[in-house]
Amino acid sequence: MTIKIYNTLTRKKEAFETIEPGTVRMYVCGPTVYAPAHIGHAMSAMVFDIIRRYLEFRGYEVRHVVNYTDVDDKIIDRANKEGQDPFDLAEKHIQAYAQSLEELNIEPATVFPRASQEMDQIKGMISQLIDAGVAYAINGDVYYRVESKEDYGKLSGRKLETMNAGYRIQVDEKKEHPLDFALWKSAKEGEPAWESPWGLGRPGWHIECSAMNLHHLGEQIDIHGGGNDLIFPHHENEIAQTEAITHKTFARYWMHNGMLVLKGEKMSKSLGNLVTIDEFLSKYPGNILRLMVINTGYRSPLTFNDEVLEQTENAYARLLSALKPALANAAGLSQEADQYLNDQLTKARSNFIDAMDDDFNTSAAIAVLFDLVRIINQARSEGATESQLEPAQAAFSELMKVLGFKLEIETQTNSNADPFIELLIALRTELRTQKLFALSDKIRNDLKALGVIIEDSKDGTSWHWE
RNA sequence: GGCGACGUGGCCAAGUGGCAAGGCAAGGGUCUGCAAAACCCUCAUCAUGGGUUCAAAUCCCAUCGUCGCCUCCA
């Protein structure tokens, strides 16, 4: 009946209740725009796209905020190396990312704030933190005092005492505690910088998100999402910053997607083992990536390799088989059979909802859809008419769209070639009636080589692009 | 070293106390001139070893292995 969500904060599934009835405030960490986005980013965006679509399907209005980190060390480094203006570089990647989202059929967020355009909010928040005594300025830098927060570490399950062993943590003399993190960094020569009470500088990464959250969604939000690589320190620090000012629980539900894994390792820019979204889309439709994402629980790592890709393509073709038209000589289902079809339909719909209500269990939900595919195909092969098939196909399409599949015809219909293909098929039919199979098979094979698949049935021949 | 997650058939992957979803692949069959598609059928006792329980893939302990985080990262 109610939606359950796995909350990283409590490590449990909890019943979902929004702060404001009927409205979901959801913030998801977006990319740092210094390089082309890869399919790991796409996976994360897709996970939250599916969550958002489902919440909307269940009647919520979703205020969905995704930030762009456009002020950052990496952007500056990259821009300097390429002799570019950092803002131009960021802008270029923002445009490319937005384009990718569209091609992947990911709904645009309600708002896409950018760090560079939230400076007043950011500086205001830092001032408040200093006033509250939880941050300190030193030589133009401002740090958050982690020891000031009793429950620092509550999201990631870490304790300051056990973390300060020095393992991989650089000790910075300026900081009171090695884990104190930068809210404001003083500007170096040639870097973009903003005026502030602490001198010229720019914000740290963590404060950007806290400030944008506060600005666009308010003191408390329902869902905060992102990759599980952000749990520590990024999200931990967001909690520390925001709660130090509001003294309220920041996000009710912390949701984290698993990492996309390529050759046994997390896909990441720093490891260099990546497939960009553009590279992927040049070979496969976005729906294939979506099905891969859906096939796996969003919290689990997603295996990516050629074998899985091929399996997914085949599986996707099977899903689409449900939408094929009725047989030309369909005699119609009996009343019992038609009733059975409709009963199964109702059942599938409710099973789908049960699956998705359970922490967005897309693997179980897609299994329901595969069951529905079988039921529809069964009905078709038993002679269901177009009008008998239609409600089932409509329901199937609706649920596919809830998962974000784009079902508009993707076939590269080439109206110039179509008449000639039809002609060849007519010719082949003629050859077949004369039992000149060697020739008719040659036409079929040669067309296949051109990407045209021919399927014969009792009622004639149909074709489609591969 | 610390924290966290995980190990289910050839592959991908649900299921967290009551006879192991789904997809891909594979094999057999129906249909077909053949093929394709579709339909029907077949295909696992859940890393290993202990323990708790009437009952465990599911809980506990140990062992082995994998991954993530602890530094920028979706």
Side-chain angles (χ1 to χ4, degrees), chain A residues 8 11 28-32 34-35 37-48 66 69 72-74 77 153 156-159 161-170 179 205 225-234 236 256-261 264-271 291-292 294-297 299-305 307-319 321-322 324 327 351 355 358 361-371 373-374 376-382 432 435-438 440-441 444-445 448 453-458 462 464:
Chain A
T8 306
R11 315 265 166 194
V28 181
C29 287
T32 301
Y34 72 97
H38 57 70
I39 53 178
H41 300 117
M43 174 218 180
S44 183
M46 221 169 232
V47 162
F48 289 99
V66 174
T69 299
D72 171 86
D73 290 356
K74 297 227 167 179
D77 288 350
S156 55
R158 289 159 207 249
K159 291 188 170 62
E161 310 85 71
T162 59
M163 276 193 297
N164 62 10
Y167 181 77
R168 296 177 80 188
I169 293 173
Q170 294 172 2
L179 286 171
W205 177 40
N228 67 14
D229 54 348
L230 300 184
I231 295 172
F232 189 89
H234 187 54
E236 195 71 71
H256 293 98
N257 63 275
M259 294 292 105
L260 191 139
V261 174
E265 278 182 318
K266 166 188 166 186
M267 178 174 290
S268 73
K269 291 174 192 166
S270 34
L271 285 171
L291 183 52
M292 288 179 65
I294 282 168
N295 186 47
T296 305
R299 286 186 277 133
S300 306
L302 176 63
T303 310
F304 185 89
N305 59 44
E307 191 180 1
V308 170
L309 216 38
E310 189 187 327
Q311 291 176 5
T312 307
E313 282 190 287
N314 292 336
Y316 183 64
R318 173 163 178 79
L319 284 173
S321 73
K324 292 185 177 173
L327 302 178
N351 287 344
D358 183 14
N361 189 336
T362 51
S363 343
I366 200 72
V368 172
L369 292 187
F370 275 111
D371 287 339
V373 169
R374 172 167 297 110
I376 291 172
N377 287 342
Q378 269 169 352
R380 184 192 302 101
S381 62
E382 283 163 15
R432 287 178 69 220
K435 302 211 187 299
L436 294 171
F437 296 122
S440 71
D441 288 353
R444 183 171 64 199
N445 291 335
K448 182 168 195 297
I453 305 296
I454 288 182
E455 291 175 11
D456 296 323
S457 72
K458 274 180 286 194
S462 63
H464 60 88

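Numbers restart at 1 for each chain; the letters A, B, ... are given by sequence-line order, proteins then strands.
Atom-to-atom, CE of A:Met267 to C1' of B:rC69 comes out at 19 Å; the value is rounded to the nearest Å. Rounded to whole angstrom, the span from the CZ atom of A:Arg158 across to the P atom of B:rG1 amounts to 16 Å. Here B:rC70 presents its P atom at 13 Å from NE2 of A:His234, a figure rounded to the nearest Å. A:Phe304 has its CZ atom 18 Å from the P atom of B:rA74, to the nearest Å. Rounding to whole angstrom units, CG of residue A:Asp456 and P of B:rA36 are separated by 12 Å. B:rC72 atom P lies 10 Å from atom CG of A:Asp72, rounded to whole Å. Distance A:Glu455 CD to B:rA35 P: 14 Å, rounded to the nearest Å. Counting to the nearest Å, the C1' atom of B:rC72 and the CE atom of A:Met259 are 13 Å from each other.
Heavy atoms only, all atoms of each residue included: A:Phe48 and A:Gly226 are closest at CZ-N, 3.4 Å. Counting all heavy atoms, side chain and backbone alike, A:Gly258 lies closest to A:Met43 at O-CE, 3.3 Å.
As judged by a 4.0 angstrom heavy-atom cut-off over every strand, A:Asp73 is placed among residues making no nucleic acid contact. Residue A:His256 is classed as having no contact, given no heavy-atom separation below 4.0 Å to the nucleic acid. At the heavy-atom level, A:Leu230 lies under 4.0 Å from the strands shown only through sugar-phosphate atoms. No engagement by A:Gly225 is indicated, since no non-hydrogen atom pair under 4.0 Å with the nucleic acid exists. Using a 4.0 Å heavy-atom distance criterion, A:Gly226 is classed as a sugar-phosphate-only contact. A:Lys435 comes within contact range of no nucleotide atom at all, as no heavy-atom separation falls under 4.0 Å. A:Leu260 comes within 4.0 angstrom of a base, heavy atoms only. At a threshold of 4.0 angstrom between heavy atoms, the contacts of A:Thr312 with the nucleic acid are absent. Within 4.0 Å of A:Ala367, counting heavy atoms only, lies at least one base atom of the nucleic acid.
Spacing of P atoms, B:rC3 relative to B:rU8, comes out at 25 Å, to the nearest Å. Of the C1' atoms belonging to B:rC31 and B:rU16, the separation is 44 Å, rounded to the nearest Å. Here the separation of B:rG7 from B:rA57, taken at their P atoms, is 14 Å to the nearest Å. When the C1' atom is used for both B:rA55 and B:rU45, the distance is 14 Å, rounded to whole Å. Straight-line distance between the P atoms of B:rC19 and B:rC12: roughly 26 Å, to the nearest whole Å. Taking atom C1' on both nucleotides, B:rA21 is separated from B:rG28 by 24 Å, rounded to a whole Å. For the P atom pair drawn from B:rA37 and B:rG27, the interatomic distance equals 13 Å after rounding to whole Å. B:rA25 sits 8 Å from B:rG10 when the C1' atoms are compared, rounded to a whole Å.
Proximity of a side-chain donor or acceptor of A:Asp358 to a complementary backbone N or O of A:Asn361 within less than 3.5 Å is not detected. Between the side chain of A:Thr362 and the backbone N or O of A:Ile294 there is at least one donor-acceptor pair closer than 3.5 Å.
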task: For nucleotides 4-13 of chain B, just jot down a letter per nucleotide in 5' to 3' order: B, S or -, based on protein non-hydrogen atoms under 4.0 Å.
output: S------BBS

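Within the 4.5 Å cutoff, the side chain of A:Met267 has no heavy atoms near those of the A:Val261 side chain.
Nearer the 5' end of RNA chain B, as judged by each residue's closest nucleotide, is the contact made by A:Ile454, out of A:Ile454 and A:Cys29. Along RNA chain B, the nucleotide nearest to A:Glu310 and the one nearest to A:Ala365 differ in position, and the one closer to the 5' end is contacted by A:Ala365.
Here A:Leu179 contributes atom CG and A:Glu236 contributes atom CD; the two are 10.5 Å apart, rounded to the nearest 0.5 Å. Here the CG atom belonging to A:Leu302 is positioned 5.0 Å from the OG1 atom belonging to A:Thr296, to the nearest 0.5 angstrom. Put simply, CG on A:Asp456 and OG on A:Ser462 are 8.0 Å apart, with the number rounded to the nearest 0.5 Å.
Taking the side chain to side chain donor-acceptor pair (under 3.5 Å) definition, one finds that A:Lys324 meets it with nothing, sequence neighbours left out. Among residues two or more places apart in sequence or in another chain, the side chain to side chain donor-acceptor pair (under 3.5 Å) test is passed with A:His256 by A:Thr8, A:His235. Qualifying side chain to side chain donor-acceptor pair (under 3.5 Å) partners for A:Arg299, counting only residues two or more places apart in sequence or in other chains: A:Asp359.
No hydrogens or angles were tested; on distance alone, a donor-acceptor pair under 3.5 Å links the side chain of A:Asp441 to the base of B:rG33. In terms of polar N and O atoms assigned as donor or acceptor, the side chain of A:Asn228 never comes within less than 3.5 Å of the base of B:rC69 in a complementary pairing.
Using a 4.0 Å cut-off between a side-chain N of Lys or Arg and a carboxylate O of Asp or Glu, A:Asp441 and A:Arg444 qualify as a salt bridge.
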Report each atom pair, protein N/O against N/O of nucleotides 27-30 of chain B, whose distance is under 3.5 angstrom.
none

Under-3.5 Å N/O pairs linking protein and nucleotides 38-41 of chain B:
residue : atom : partner  : partner atom : Å
B:rA38  : O3'  : A:Asn377 : ND2          : 3.2
B:rC39  : OP1  : A:Arg318 : NH2          : 3.3
B:rC39  : OP1  : A:Asn377 : ND2          : 3.2
B:rC39  : OP2  : A:Arg318 : NH1          : 3.2
B:rC40  : OP1  : A:Gln378 : NE2          : 2.3

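The base-pairing partner of B:rA47, taking Watson-Crick or G-U wobble contacts with both distances under 3.5 Å, is B:rU63.
When only modelled atom types and interatomic distance are considered, A:Ser321 and A:Asn377 share a side-chain donor-acceptor pair under 3.5 Å.
Which of B:rG22, B:rA36, B:rA74 sits closest to the side chain of A:Ile453 comes down to B:rA36.
Each of A:Asn228, A:Asp229, A:Asn257 was scored for a side chain to side chain donor-acceptor pair (under 3.5 Å) with A:Ser44, with one residue passing: A:Asn257.
The aromatic ring of A:Phe370 does not stack onto the base of B:rG23, failing the criterion of a centre distance under 5.5 Å from the six-membered base ring together with planes under 30° apart.
The phosphate of B:rA25 has OP1 or OP2 within less than 4.0 Å of a side-chain N or O from A:Asn314. Here A:Lys266 does not reach the OP1 or OP2 of B:rA74: none of its side-chain N or O atoms lies under 4.0 Å away.
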Stepwise side-chain contact (heavy atoms from CB on, under 4.5 Å) check, A:Asn351 with A:Asp371: CA-CA 11 Å; A:Asn351 287 344; A:Asp371 287 339; over 6 Å; no

